Amino acid sequence: MAQREAVIPATTTRRLWTWFHRLASPRYFYELAGRLIPWFGWAAAVLLAAGLYGGLWLAPPDYQQGDAYRIIFIHVPAAWMSLFAYVAMAGAGFIGLVWRIKLAEVVARACAPLGASFTLLALCTGSLWGKPMWGAYWVWDARLTSELVLLFLYLGYIALDAAIEDRRKAARATSVLALVGVVDIPIIHYSVEWWHTLHQGPTVFKLGGPSISLDMLVPLLLMVVAFKLFFFAMMLVRARTEVLEREVNSAWVREVVGEP
Amino acid sequence: MTPKRRRRLIFAVLLVSGIGTAVALGAYAFRQNLFYFYSPTQVAEGDAPRNHVFRVGGLVEKGSVKRDGMTVHFVVTDTEKSVPIVYTGILPDLFREGQGIVAEGRLNRSGEFVATQVLAKHDSTYMPPEVARALKRAHEREAAAARAKLAQEAARAAGAGGR
């Protein structure tokens, strides 16, 4: 009896490992991603429509900011995704750096332009919000400055990646850069709590629960999930393309693409 | 785990923790510069630069706003200390009594802060105006009830003292 119990987790673990190894195989990933992308994409589109409708039509105006606060339905999901994409990029880079798994390198590289776009979107929408509410497009407080540094980290990653011809060498160099930049993530997140900033403190994740009325919070969360799904769909599209590019000389690519 | 992988793992962990420590120490050393503004208490204690441009932030004290054409006089407070501010120009829409603001400028000889820019800081609470009004009414009722209770107790104490 005891023996059998010991055997079960071992096989489960082994099955999990086999799955990981299969996932890391380019062909399996290519096919799995191909099946997942439409699901992620359509779910993102539906949630985006629902979130925008809820946020721009159904949600009431704010007691202080009137209708101008509605930019949070873009600004907050974009800002959160700018951090999430970086953590995903650095995490995949870390796996690629230590275990030299090609697929992890591919995923890390696919995250960079998406994360940079989310960061730029967060900075631009924040700037448009800042002028009517604060009275300035830009201030050099800790939150805004650290988010700008994040944009430069993404741009540096992309530039470094473009500067190195060999894909494997480029992956190693960019992973190190991504890991160096990880330090900026907690700084951005906690900047509004550690230092006096003009940017307001956290609304959703804080002690005592979110300080936002429910009919504003629901569309906000819909938008957050929509942005996340959109990110996964786009990341998989990019990763899939790069897998094809990298494996261009292998038999399975010729089989998939249908060339002799 | 192969020795090679372990070496790379240790390298990655050391890299992240080393840079984390360096940045944490740096941020700690520069912590004064990382504050976007000084509080009125810091200004009162002389932490703010005397002959330099700096920013002061706090709440606009109720009943302190006096307008004189384009020039506005008001007092910013952190509930402990306060700083009188004078500003000439257009104020942001959110500027009102009780609102958090950040002013940039310098102190003049008489201790008044001459601002060149006033920014409004909005809070992290979002709610519809009806809810805000209801909350305010409830708050006022509560305060009134507390005052009534206090008066009652005072009257009772006075009664007890008289007897």
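Each chain gets a letter, A, B and so on, in the order its sequence line appears, and its residues count up from 1. Note that the structure is predicted; figures quoted are calculated from it, not measured.
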For this session: Working to the nearest 0.5 Å, report the span between CD of A:Gln65 and CG of B:Asp123.
Result: 8.0 Å

Exercise. Any idea which of A:Leu217, A:Asp184, A:Ile212, A:Thr145 has the most non-hydrogen atom pairs under 4.5 angstrom with chain B?
Worked result: A:Ile212

Problem set entry | Greatest number of heavy atom pairs closer than 4.5 Å to chain A - which of B:Ala12, B:Ala24, B:Gly18, B:Gly20 | B:Ala12

Problem set entry | Proximity breakdown for B:Glu130 and chain A, heavy-atom pairs closer than 4.5 Å | neither

Exercise. Quick one: what part of A:Lys206 sits under 4.5 Å from any heavy atom of chain B, side chain, backbone, both or neither?
Worked result: side chain

Seminar exercise, completed: Whatever's closer than 4.5 Å to a heavy atom in chain B on A:Val176 counts as both

For this session: Heavy-atom distances under 4.5 Å only: say whether B:Pro92 touches chain A with side chain, backbone, both or neither.
Result: side chain

Problem set entry | Which atoms of B:Leu9 approach chain A - backbone, side chain, both or neither, heavy atom under 4.5 Å | both

Exercise. How long is the span from the CZ atom in B:Phe37 to the OG1 atom in A:Thr197, to the nearest 0.5 Å?
Worked result: 7.0 Å

Problem set entry | Part of B:Arg96 within contact of chain A (heavy atom distance under 4.5 Å) | side chain

Problem set entry | Contact origin within B:Val23 toward chain A - heavy atom pairs under 4.5 Å | side chain

For this session: Take A:Leu97 and B:Phe11 through the side chain to side chain contact (heavy atoms under 4.5 Å, CB included) test and state the conclusion after the steps.
Result: CA-CA 10 Å; A:Leu97 196 66; B:Phe11 162 75; 4.2 Å; yes

Problem set entry | Residues, nucleotides or ligands: over 12 heavy atoms within 6.0 Å of B:Leu25 CG | yes

Seminar exercise, completed: If one checks every heavy atom of A:Met133 against chain B at 4.5 Å, the contacting part turns out to be both

Problem set entry | Residue, of A:Val183, A:Thr203, A:Val204, that accumulates the most heavy atom pairs under 4.5 Å with chain B | A:Thr203

Exercise. Using a cut-off of under 4.5 Å for heavy-atom pairs, which of A:His199, A:Lys131, A:Gln200 has the most such pairs with chain B?
Worked result: A:Gln200

Exercise. Non-hydrogen atoms of chain B under 4.5 Å away: do they reach the side chain of A:Val139, the backbone, both or neither?
Worked result: both

Exercise. OH/A:Tyr63 to CZ/B:Arg133 distance, rounded to the nearest 0.5 angstrom?
Worked result: 13.0 Å

Exercise. A:Trp194, A:Trp129, A:Tyr69: which one forms the most heavy-atom pairs within less than 4.5 Å of chain B?
Worked result: A:Trp129

For this session: Please state whether the side chain, the backbone, both or neither of B:Gln42 comes within less than 4.5 Å of a heavy atom of chain A.
Result: side chain

Exercise. Does CG in B:Asp93 sit with more than 12 non-hydrogen atoms of other residues, nucleotides or ligands closer than 6.0 Å?
Worked result: no

For this session: Starting at NE2 of B:His122, measure out to CD of A:Gln64 and round the result to the nearest 0.5 Å.
Result: 8.5 Å

Exercise. So which of B:Gln99, B:Lys121, B:Arg8, B:Gln117 has the biggest tally of heavy-atom pairs under 4.5 Å with chain A?
Worked result: B:Arg8

Problem set entry | NZ-CZ distance between B:Lys4 and A:Arg100, expressed to the nearest 0.5 angstrom | 7.5 Å

Exercise. Relative to chain A, which of B:Ala22, B:Ala120, B:Pro129, B:Ser124 shows the most heavy atom pairs under 4.5 Å?
Worked result: B:Ser124

Problem set entry | Residue from A:Pro210, A:Ser211, A:Ser213 passing side chain to side chain contact (heavy atoms under 4.5 Å, CB included) with B:Thr125 | A:Ser211

Exercise. Among B:Leu15, B:Leu91, B:Val118, which residue forms the greatest number of heavy-atom pairs with chain A at distances under 4.5 Å?
Worked result: B:Leu15

Exercise. How close do B:Tyr126 and A:Ile72 get, heavy atom to heavy atom, and via which atoms?
Worked result: OH-CG2, 4.1 Å

